J.: 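Here it is, the structure in full.
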Amino acid sequence: MTFLNNPMLTTEEVAQKLIGCLLISQHGETQTSGWIVETEAYVGVVDEACHSFEGKRTPRIESMYKEAGTLYVYQMHTHKMLNVVTRSSKEPEAVLIRAIEPYEGVSVLEDRRNKTGVQATDGPGKLTKAMAVSMADNGSVADAPPVYIDPSTRRLPERIELSSRIGIPNKGQWTDALLRYSVRGNPYVSRRKGKPADNNGWCPVLD
DNA sequence: CAGAGGATAAGCT
DNA sequence: GCTTATCCTCTGT
């Protein structure tokens with residue numbers, strides 16, 4: 001049991017704990033990875049922005065009703081979106097992974113995207129393309145290959161910034177709710193402005 | 001650097 | 001048809 005599949009944790013807690021974890025992708029001999037720097041919590045049947053709002057259940061959403069620690073992948077326009085199911089209080093909830101800071105296989109990530117630098121992984125649709133996430137990953141477990149999260153390999157951010165979720169207009173309190181988490185000052189966070197923080201916003205490594 | 005608009009596909013009414 | 005948890009390009013400052 002890790003925080004990934006512990007149904008006692010709230011979705012907000014999981015979204016925060018995912019910041020700094022390593023997201024890994026293995027396809028054949030190719031391994032790529034990156035540190036999670038931005039997430040959003042979608043808090044289930046009461047959340048107008050959540051796919052399971054009011055208990056909606058269709059084939060597309062079915063993965064949200066599986067156990068905590070399941071990957072929920074869906075397609076939006078031409079892009080895949082990667083989520084981790086939480087089942088906080090048994091409800092169908094999830095965390096959207098919105099951006100990563102590349103770690104292993106940087107040139108592979110950039111080639112898959114045909115972009116270099118921050119543009120390779122600074123958005124939810126961008127990171128899935130860079131990490132080769134596909135609809136085949138929908139419903140699989142989040143702690144084993146080909147696409148998985150290593151909860152033991154974790155960097156600590158100096159500060160986690162809370163903000164409202166992106167792309168949720170006209171949803172009342174849910175438009176403004178502070179359910180987006182990001183590493184303050186990290187250049188890979190989507191839609192951010194200003195100059196990067198020292199050490200990209202991470203605490204110094206102690207050794 | 002900010003804002004506008006179009007691409008493009010699946011799900012829903 | 002309309003909407004959408006996006007991305008990219010183009011325009012104007």
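Letters A, B, ... are given to chains in the order of the sequence lines, protein chains preceding strands, and every chain is numbered from 1. All of these numbers come straight from a predicted model, not from anything done at the bench.
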J.: Which nucleotide in the set dC8(C), dC7(C), dT4(C) lies at the smallest distance from any side-chain heavy atom of K171(A)?
T.: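 Looking only at heavy atoms from C-beta outward on K171(A), the closest nucleotide is dT4(C).
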
J.: Could one point to a donor on the side chain of Y74(A) or the base of dA5(C) with an acceptor on the other under 3.5 Å away?
T.: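 Present.
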
J.: Examine R165(A) relative to Y42(A) and say whether NZ or CZ is less than 6.0 Å from the centre of the six-membered ring and inside a 45° cone about the ring axis.
T.: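 Yes, a cation-pi geometry holds between R165(A) and Y42(A).
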
J.: For residues V189(A) and I160(A): do they belong to one hydrophobic cluster (side chain heavy atoms under 4.5 Å, members Ile, Leu, Val, Met, Phe, Trp, Tyr)?
T.: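 Yes: a chain of side-chain contacts under 4.5 Å links V189(A) to I160(A).
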
J.: dT9(C) C1' sits how many Å from K126(A) NZ, rounded?
T.: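 That distance rounds to 12 Å.
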
J.: Any side-chain N or O of R113(A) less than 4.0 Å from the OP1 or OP2 oxygen of dC8(C)?
T.: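 Checking dC8(C) against R113(A), a side-chain N or O does come within under 4.0 Å of OP1 or OP2.
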
J.: NE2 of H51(A) versus C1' of dG11(B): gap in Å, rounded?
T.: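 Atom NE2 in H51(A) sits about 10 Å away from atom C1' in dG11(B).
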
J.: Check the distance between dT6(C)'s C1' and Q119(A)'s CD and give it to me in whole angstrom.
T.: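 So the two atoms are 15 Å apart, to the nearest Å.
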
J.: Check each of Y188(A), W202(A), W35(A) against E101(A) using the side chain to side chain donor-acceptor pair (under 3.5 Å) test, and report the only one that passes.
T.: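 Going through the options one by one, the only one that passes is W202(A).
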
J.: Taking only side-chain nitrogens and oxygens of T78(A), does any of them come within less than 4.0 Å of OP1 or OP2 of dA7(B)?
T.: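 Result: no.
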
J.: In the strands shown, is dT8(B) matched to any nucleotide by a Watson-Crick or G-U wobble pair with both distances under 3.5 Å, and which?
T.: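 With both distances under 3.5 Å required, dT8(B) matches none.
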
J.: Quick one: label K115(A) by what it contacts on the DNA or RNA (base, sugar-phosphate, nothing), any heavy atom closer than 4.0 Å.
T.: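 Sugar-phosphate only.
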
J.: Calculate the interatomic distance between R191(A) atom CZ and dA5(C) atom P; express it in whole Å.
T.: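 Taking CZ of R191(A) and P of dA5(C), I get 12 Å after rounding.
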
J.: Specify the separation, in whole Å, of atom NE2 of H79(A) and atom P of dC8(C).
T.: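 That distance rounds to 7 Å.
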
J.: Can you tell me how far P of dC8(C) sits from CG of D122(A), to the nearest Å?
T.: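 My rounded result for the distance is 8 Å.
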
J.: Can you tell me the base-pairing partner of dG12(C)? Count Watson-Crick or G-U wobble geometry only, both distances below 3.5 Å, and say none if there is no partner.
T.: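 Pairing partner, where one exists within any strand: dC1(B).
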
J.: Looking across every strand, which nucleic acid part, if any, lies under 4.0 Å from R60(A) by heavy atom: base, sugar-phosphate, or nothing?
T.: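 Here R60(A) touches the backbone only, sparing every base.
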
J.: Just call it for I168(A): base, sugar-phosphate, or nothing, with non-hydrogen atoms closer than 4.0 Å on any strand.
T.: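 It contacts sugar-phosphate atoms only.
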
J.: From the options dA9(B), dC12(B), dT6(C), select the nucleotide whose nearest atom is closest to the side chain of Q75(A).
T.: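 Comparing dA9(B), dC12(B), dT6(C) against the side chain of Q75(A), the answer is dA9(B).
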
J.: May I have the distance from E48(A) (atom CD) to dT4(C) (atom P), rounded to whole angstrom?
T.: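 Whole-Å distance recorded here is 12 Å.
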
J.: Go through the side-chain N and O atoms of Y148(A) and Q26(A) and say whether any donor and acceptor fall under 3.5 Å apart.
T.: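 Yes, Q26(A) and Y148(A) have a side-chain donor paired with an acceptor closer than 3.5 Å.
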
J.: Round to the nearest Å and state the distance from N114(A) atom CG to dT9(C) atom P.
T.: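 Atom-to-atom, N114(A) to dT9(C), this comes out as 10 Å.
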
J.: Taking atom types as modelled, is there a side-chain donor on E38(A) or S182(A) under 3.5 Å from an acceptor on the other?
T.: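 Side-chain D/A pair, E38(A) to S182(A): absent.
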
J.: Would you classify R180(A) as touching base, sugar-phosphate or nothing, given that sugar-phosphate means primed atoms plus P, OP1 and OP2, and contacts are heavy atoms under 4.0 Å?
T.: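 Answer is nothing: R180(A) stays at 4.0 Å or more from every strand.
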
J.: Would you classify K56(A) as touching base, sugar-phosphate or nothing, given that sugar-phosphate means primed atoms plus P, OP1 and OP2, and contacts are heavy atoms under 4.0 Å?
T.: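 Answer is sugar-phosphate: K56(A) comes under 4.0 Å of backbone atoms only.
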
